Engineer: 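Dropping a structure here in structure tokens format, bear with me for questions.
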There are 2 protein chains.
Amino acid sequence: MAGAHTLRETERHVDERLAGMDIDFQAMAVTSNLFRAASAVRNHLERSVLAAHDLSWSAFVVLWVVWIWENIETREIAAEAGFSKATLTGVLNTLEKRGYSTRKRSKDDGRLVIVSMTAKGRKLMEQLFPLFNQQEQFVASALNSKAQPIVADGLRKITELTEPGQEN
Amino acid sequence: MAGAHTLRETERHVDERLAGMDIDFQAMAVTSNLFRAASAVRNHLERSVLAAHDLSWSAFVVLWVVWIWENIETREIAAEAGFSKATLTGVLNTLEKRGYSTRKRSKDDGRLVIVSMTAKGRKLMEQLFPLFNQQEQFVASALNSKAQPIVADGLRKITELTEPGQEN
DNA sequence: TTTAGATTGTTCGTATCCAAACAATCTAGG
DNA sequence: CCTAGATTGTTTGGATACGAACAATCTAAA
């Protein structure tokens, strides 16, 4: 975006439309900038790192979680990754088809499914994650070293406040 | 998330897996918190404000842009809202079907389509936006007044840095 | 032991989103 | 005036995401 209208132009229109309303502009700036930034960063990471390996965003997130935890129940993956278990089923099918991860039934509880990585998947992440973090570093370079922890911490607080009791 | 594992547990596993790698943890925290926060806030706003009116997130964003600009070309909506023109076509069909907005061909340029709001759409936004902003205020209340502008400004800088030259 | 209720992963139907192909329209160079 | 190329909104085909229904399994109370 930043597209056809300048920031100043947009601001003028917004102020006009909201005149007389009791609006918290500071709060509005926080949330709208949040969504713009998240979308821009996600696109950037998809193009600069994931596209070359034909990985979707969710596929990468699942790979990451499984990589970190080695053996992990699917319900935990869904919780950590932040999407529904229905979605997870599809992503895991794809990853399994490509030979990055495997599923096995839990011996302790027949309802559960445990996911783990293949050697191929591990190799992929060992190659991919440094590139990913390099781009994360580029993203964070928009902030000076004093602002970085304030932003990171602020976002964590926002998450904690707005995240529901959580279920899938 | 926040799900089955504590933050400390997760951190320990992450540190283990990344041991020996040259990773910028600060940058990692910024981006991962960014996505969690955006997702949590979007869900919160959808549930607390939009669900009652059966509005999707993108539908609301389009309504917002059209509301602010009164008469606006579709290509500008797509740019401001941050998604593809193909997606926009679908969203506009829905909004038009519900009587919130209308399309008309531009007289100056036969390729362009101008979108404007109906009285019904305007009434909806005048009722809906204060509720929306009220929840934005709740979201921003996670930050103290000193942190709020730092976070908002930091997010804007991140957007500017990572946003591509941009096309649809 | 039996059984009603809870939990888990998958399937199914549906909504959302995008890139590529397309038709309509405009622009610029001859 | 003509026309090749650019631009715009829509259509199409396919990927992604979710809620609800479902079957398998576990748990707890009788």
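Lettering follows sequence order; numbering is per chain, from 1. Any value given below was found using the heavy atoms of this structure, including those in side chains, with hydrogens, waters and symmetry copies removed. Predicted model only: the values in this text are computed from it and were never measured.
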Engineer: Round to the nearest Å and state the distance from B:Leu92 atom CG to D:dT8 atom P.
Structural biologist: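 Atom-to-atom, B:Leu92 to D:dT8, this comes out as 16 Å.
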
Engineer: Does A:Phe35 have its ring centroid less than 6.0 Å away from the ring centroid of B:Trp57?
Structural biologist: yes

Engineer: Between B:Gly90 and A:Leu88, which residue's closest nucleotide on DNA chain D lies nearer the 5′ terminus?
Structural biologist: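 Checking each residue's closest nucleotide, the 5'-ward one belongs to B:Gly90.
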
Engineer: Where along residues 50-66 of chain A does a heavy atom come under 4.0 Å from DNA chain C, residue by residue in number order?
Structural biologist: none

Engineer: More than 12 foreign heavy atoms under 6.0 Å from CG of A:Asp22: is that the case here?
Structural biologist: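 No, because the 6.0 Å sphere around CG of A:Asp22 holds 12 heavy atoms or fewer from other groups.
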
Engineer: Would you kindly compare B:Ala86 and A:Ser106 by the position of their nearest DNA chain D nucleotide and give the one closer to the 5′ end?
Structural biologist: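 Whichever sits nearer the 5' end wins; that is B:Ala86.
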
Engineer: Could you check whether atom NZ of B:Lys123 has more than 12 heavy atoms from other residues, nucleotides or ligands sitting under 6.0 Å from it?
Structural biologist: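 No.
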
Engineer: What's the CD-P distance between B:Glu73 and C:dT25, to the nearest Å?
Structural biologist: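 B:Glu73 atom CD is separated from C:dT25 atom P by 17 Å.
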
Engineer: Taking CG from B:Asn93 and P from C:dA15, how many angstroms apart are they, rounded to a whole number?
Structural biologist: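 In whole Å, C:dA15 P and B:Asn93 CG are 14 Å from each other.
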
Engineer: Closer than 4.0 Å, any side-chain N/O of B:Thr87 to the OP1 or OP2 of C:dC17?
Structural biologist: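 Negative; the distance criterion is not met.
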
Engineer: Using a cut-off of strictly less than 4.0 Å, decide whether A:Thr89 has a side-chain nitrogen or oxygen near OP1 or OP2 of C:dT10.
Structural biologist: yes

Engineer: Within this structure, what is the CZ-to-C1' distance between B:Phe83 and C:dA19, rounded to whole angstrom?
Structural biologist: 16 Å

Engineer: At how many degrees, to 10°, do the end axes of the helix from C:dT1-D:dA30 to C:dG30-D:dC1 meet when each uses five pairs?
Structural biologist: 10°

Engineer: Taking the side chain as every heavy atom from C-beta outward, state whether B:Ser84 and B:Thr87 have any atom pair closer than 4.5 Å.
Structural biologist: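 They are in side-chain contact.
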
Engineer: Below 4.0 angstrom, N of the basic side chain to O of the carboxylate: do A:Asp153 and A:Arg156 qualify?
Structural biologist: yes

Engineer: Rounding to a whole Å, what distance do you find between B:Arg111:CZ and C:dT27:P?
Structural biologist: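 So the CZ-P distance, B:Arg111 to C:dT27, works out to 6 Å.
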
Engineer: So which heavy atom on B:Leu161 is nearest to which on A:Ser141, and how close?
Structural biologist: CD2-OG, 3.7 Å

Engineer: Give me the atom names and distance for the closest heavy-atom approach of B:Gln148 to A:Val30.
Structural biologist: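 Closest approach of B:Gln148 to A:Val30, heavy atoms only: O-CG2, 4.0 Å.
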
Engineer: Expressed as a whole number of angstroms, how long is the span from A:Lys107:NZ to D:dT25:P?
Structural biologist: 17 Å

Engineer: Does a side-chain N or O of A:Arg75 approach OP1 or OP2 of C:dT8 to a distance below 4.0 Å, or not?
Structural biologist: yes

Engineer: Round to the nearest Å and state the distance from B:Leu112 atom CG to C:dC26 atom P.
Structural biologist: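 Distance check: B:Leu112 CG to C:dC26 P gives 9 Å.
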
Engineer: Which part of the nucleic acid, if any, lies within reach of A:Arg103 when heavy atoms closer than 4.0 Å are counted: base, sugar-phosphate only, or nothing?
Structural biologist: sugar-phosphate

Engineer: Let's see if you can work this out: which of D:dT10, D:dC26, C:dG9 has an atom nearest to the side-chain heavy atoms of A:Lys85?
Structural biologist: C:dG9

Engineer: Transitively linked via ILVMFWY side-chain contacts under 4.5 Å: A:Ile150 with B:Leu34?
Structural biologist: no

